[in-house]
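Below you'll find the structure, written out as structure tokens, and then a few comments.
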Amino acid sequence: LAQARMAALTRLDAGLLRAYLEFAQGRTGGGGGGVWTIPGHKGVGGRIDAGLGCATDSDVPLYGGLDTVGLGHGRLQAAESAAAAAWGAAACRFIVNGSTSANQSAILAMTRTHLERQGQGERHHHVDNDNSGRQGRGTNGNRHEGTGGAVQGGPAAGASNGSQLTVIVQRTAHRSVLSGLVLAGVDPIWILPRVCELTGVPLGTVQADIEKAVAAHPDTMGAILVEPGYLGTSSTELPGIAATLHSKGKLLCVDSAWAPHFGFHPAFPPHAISHGADLMVTSLHKTLPAVSGAAAVFARSSEVARHLDPAVDALITTSPPGATLASIDGCRALLESEVGAELFEALLSRVGRFKTALAAAGVPILESTVDPCQSVARFDPTKVVVHASRMNASGLDVKNDLEQLGVPVELADRDFVVPIFTICDTEEAMDSLAACLVASLDRSSRNATSSPSHKSQAWSWATVTPVAGCSLREAFFAPSIAVPIEASVGRIVAESVCPYPPGVPLLVPGERITADTLSAIAEATESGARLAYAADPTCATLQVLR
């Protein structure tokens with residue numbers, strides 16, 4: 001009878017998900033003996049307050065919930081092993097604090113691997129390829145070269161045997177990468193992605209830029225890249241980048257937060273592990289039916305996997321929510337199932353229908369407006385980036401219209417509007433959104449007083465040459481104060497200032513503020529870009545070192 005009830009609840013072969021359902025069923029069935037473990041709500045918070053119970057009573061702990069208090073069944077380990085096999089990795093760890101914690105863990109694991117190689121010499125000159133990955137079943141001044149290439153970093157805060165610890169980092173990296181570098185005592189050697197000359201949108205990193213950075217910094221640990229970016233673009237040269245780094249004994253870590261579905265349908269780009277990344281981070285909750293905060297970090301080889309467990313265990317909570325863990329396992333099973341393939345096929349059909357509706361109304365999307373001469377990028381086929389400014393409309397106007405209708409979108413600024421589509425969206429809902437978008441864009445365009453803009457105003461980041469003042473770690477621990485932005489030139493900044501889109505920071509802790517920086521901030525503000533991470537979101541003041 002229990003097996004029949006379980007079959008009625010889920011068709012997925014996911015041990016953690018089934019354990020979650022079994023525990024919840026036992027709780028509602030009433031065991032009579034009581035629960036004498038944490039969490040304190042005991043699954044019956046609704047007895048205290050009905051509203052509180054709505055938030056707590058579906059909560060299932062890992063210890064004494066999904067498994068015994070002593071984890072006697074090994075269910076989490078089995079689920080993580082199944083995920084590693086699905087992505088073709090040597091190891092996987094489930095993360096309940098999103099890609100933020102996953103990135104930090106990956107950087108610690110990367111640093112430990114690098115230090116071990118240094119200590120053991122030439123035996124570790126090349127990457128351990130026992131799991132090659134398969135498709136899923138600076139006080140010195142910096143320089144900035146054109147629209148893509150090296151942006152040299154400052155002095156490293158960490159050291160081994162007297163040498164500085166550095167890593168090549170794509171400038172579009174999430175702020176969790178910065179905090180991970182602080183934790184590891186490593187400083188970045190910044191590298192810019194190539195960008196679309198027509199729109200100013202970051203496209204991806206190219207092999208030649210990595211080769212140049214490694215040649216200039218032969219002692220660096222490797223590289224940390226963001227693939228795909230916030231707007232769905234990713235580099236076509238990731239396999240060559242991995243090969244370049246591995247040939248020099250370097251490591252590659254890829255933040256693929258926006259791509260948990262990559263590699264699980266022929267229309268999707270391959271995932272980073274299959275391209276040779278040594279570490280890969282992904283956020284299942286972004287595009288799959290997983291609980292908020294559900295993420296995973298993968299190690300491609302046993303060499304790196306040895307260092308992943310201590311890195312994750314240093315940062316992860318010892319009281320992970322069972323629903324998050326169960327949803328990760330459930331999504332893994334879904335990705336490997338025929339049902340998952342059918343759902344992705346249907347999603348692609350709905351996205352195609354959405355794009356057709358926009359095209360019929362003359363609404364441009366990013367894929368059609370990117371410079372065709374740029375071959376470095378490929379696009380996530382599930383992503384739709386509406387290029388509002390190209391039709392003389394404002395994405396901010398559209399955002400306001402949609403919010404008044406109770407239809408929020410993931411991102412909107414002056415230039416772009418970005419809704420997120422997943423297998424959980426219906427054709428009817430997407431048709432309705434298309435109609436609302438077309439009407440709002442038309443209204444905004446008719447009310448415009450300026451000419452259409454082809455290039456994103458967020459391009460302002462390309463005019464800023466980072467100037468290192470101190471290391472990231474020094475800036476993190478140094479006392480800071482807020483000063484008026486007009487009085488900040490020459491000071492060392494203590495915070496990040498990052499316009500979204502495109503997500504390329506204008507300032508990173510430890511860098512000196514220049515007149516060019518202030519001009520770029522003003523331009524980004526005028527364009528309506530969201531200035532993320534700054535303590536003062538208006539940037540009337542900036543946090544600087546005392």
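One is the number of the first residue; the rest follow in order along the sequence.
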Identify each donor-acceptor pair in which a side-chain atom of residues 533-540 lies under 3.5 Å from a protein atom, sequence neighbours left out, and give them as a table.
from   : atom 1 : to     : atom 2 : distance (Å)
Tyr533 : OH     : Tyr500 : OH     : 2.9
Asp536 : OD1    : Thr538 : N      : 3.0
Asp536 : OD1    : Thr538 : OG1    : 2.6
Asp536 : OD2    : Thr538 : OG1    : 3.3
Asp536 : OD2    : Ala540 : N      : 3.2
Asp536 : OD2    : Thr541 : N      : 3.0
Asp536 : OD2    : Thr541 : OG1    : 3.1
Thr538 : OG1    : Ala540 : N      : 3.3

Which donor-acceptor pairs under 3.5 Å do the side chains of residues 284-297 make with protein atoms, sequence neighbours left out?
from   : atom 1 : to     : atom 2 : distance (Å)
Thr287 : OG1    : His261 : ND1    : 3.1

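Thr517 and Thr514 form a side-chain donor-acceptor contact under 3.5 Å, judged by distance and modelled atom types alone.
Note on ring orientation: taking the six-membered ring where Trp is involved, the planes of His387 and Phe416 are tilted (angle from 30° to 60°). Ring pair Phe298/Trp87 is tilted by interplanar angle, where 30° to 60° counts as tilted.
Side-chain atoms of Ser445 do not come within 3.5 Å of backbone N or O of Leu441 as any donor-acceptor pair. Between the side chain of Arg194 and the backbone N or O of Leu203 there is no donor-acceptor pair closer than 3.5 Å. Here the side chain of Glu227 pairs a donor or acceptor atom with the backbone of Ser235 at under 3.5 angstrom. The closest donor-acceptor contact from the side chain of Arg512 to the backbone of Gly490 lies under 3.5 Å. Side-chain atoms of Thr220 come within 3.5 Å of backbone atoms of Thr166 as a donor-acceptor pair (strictly under, hydrogens ignored). Looking only at distances, no side-chain donor or acceptor of His174 sits under 3.5 Å from a matching main-chain atom of Val177.
Aromatic pair Phe421/Phe354: ring centres closer than 6.0 Å.
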Determine whether Val167 and Lys250 satisfy the following criterion, side chain to side chain contact (heavy atoms under 4.5 Å, CB included), listing intermediate values before the conclusion.
CA-CA 10 Å; Val167 65; Lys250 312 299 181 186; over 6 Å; no

Start with the C-alpha gap between Thr100 and Arg175, add the side-chain angles, then the distance that decides, and say whether side chain to side chain contact (heavy atoms under 4.5 Å, CB included) holds.
CA-CA 8 Å; Thr100 291; Arg175 64 174 176 175; over 6 Å; no

Step by step, would you call Trp258 with Asp380 a side chain to side chain contact (heavy atoms under 4.5 Å, CB included)?
CA-CA 9 Å; Trp258 284 99; Asp380 178 351; over 6 Å; no

Assess whether side chain to side chain contact (heavy atoms under 4.5 Å, CB included) is satisfied between Asp255 and Gln170, documenting all intermediate values.
CA-CA 10 Å; Asp255 177 358; Gln170 191 171 309; over 6 Å; no

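The shortest distance between side-chain heavy atoms of Ile95 and Val281 does not fall below 4.5 Å. Counting heavy atoms from C-beta on, the side chains of Leu531 and Pro499 come closer than 4.5 Å. Pro466 places none of its side-chain heavy atoms less than 4.5 Å from the side chain of Val508. Taking the side chain as every heavy atom from C-beta outward, Leu507 and Gln543 never approach each other to under 4.5 Å. Taking the side chain as every heavy atom from C-beta outward, His265 and Leu348 approach each other to under 4.5 Å. When side chains are defined from C-beta on, Leu183 does not count as touching Arg473, because their heavy atoms never get closer than 4.5 Å. Side-chain contact between Arg93 and Ser101: absent, with no pair of heavy atoms (C-beta onward) separated by less than 4.5 Å. Residues Asp425 and Leu347 are not in side-chain contact: their nearest non-hydrogen atoms beyond the backbone lie 4.5 Å or more apart.
Listed here is the closest heavy atom pair of Cys253 and Met110: CB-SD, 4.0 Å. His275 and Pro239 get closest at one heavy-atom pair: ND1-CG, 3.1 Å. When all heavy atoms are compared, the tightest approach of Ala83 to Phe94 is CB-CE2, 3.7 Å. The two atoms that bring Arg378 and Thr236 nearest to each other are NH2-CA, 3.6 Å, heavy atoms only. Summarising the geometry of Pro269 relative to Phe262, their closest heavy-atom pair is O-CB, 3.3 Å, with the distance given to 0.1 Å.
Scored by the salt bridge (Lys or Arg N to Asp or Glu O under 4.0 Å) test, Asp329 finds Arg332 as partners (sequence neighbours excluded). Evaluation of the side chain to side chain donor-acceptor pair (under 3.5 Å) rule for Ser256 yields no partner, not counting sequence neighbours.
Annotation: the span from Leu545 atom CG to Cys470 atom SG amounts to 5.5 Å, rounded to 0.5 Å. Rounded to the nearest 0.5 Å, atoms CD1 (Ile273) and CG (Asp278) are 7.5 Å apart. Annotation: the span from Ile521 atom CD1 to Leu542 atom CG amounts to 5.0 Å, rounded to 0.5 Å. Summarising the geometry, atom NZ belonging to Lys212 is positioned 15.0 Å from atom OG1 belonging to Thr244; distances are rounded to the nearest 0.5 Å. Separating the CG atom in Leu402 from the CG atom in Leu433 is a distance of 6.5 Å, to the nearest 0.5 Å. Distance check: Ile191 CD1 to Arg171 CZ gives 12.5 Å after rounding to the nearest 0.5 Å.
More than 12 heavy-atom neighbours from other residues, nucleotides or ligands sit within 6.0 angstrom of CD on Glu486.
Applying the salt bridge (Lys or Arg N to Asp or Glu O under 4.0 Å) rule to pairs touching residues 394-411 yields Lys399-Glu403, Asp401-Arg443, sequence neighbours excluded. Residue pairs meeting the salt bridge (Lys or Arg N to Asp or Glu O under 4.0 Å) criterion with at least one partner in residues 345-365, sequence neighbours excluded, are Arg353-Glu427, Arg353-Asp431, Lys355-Glu367.
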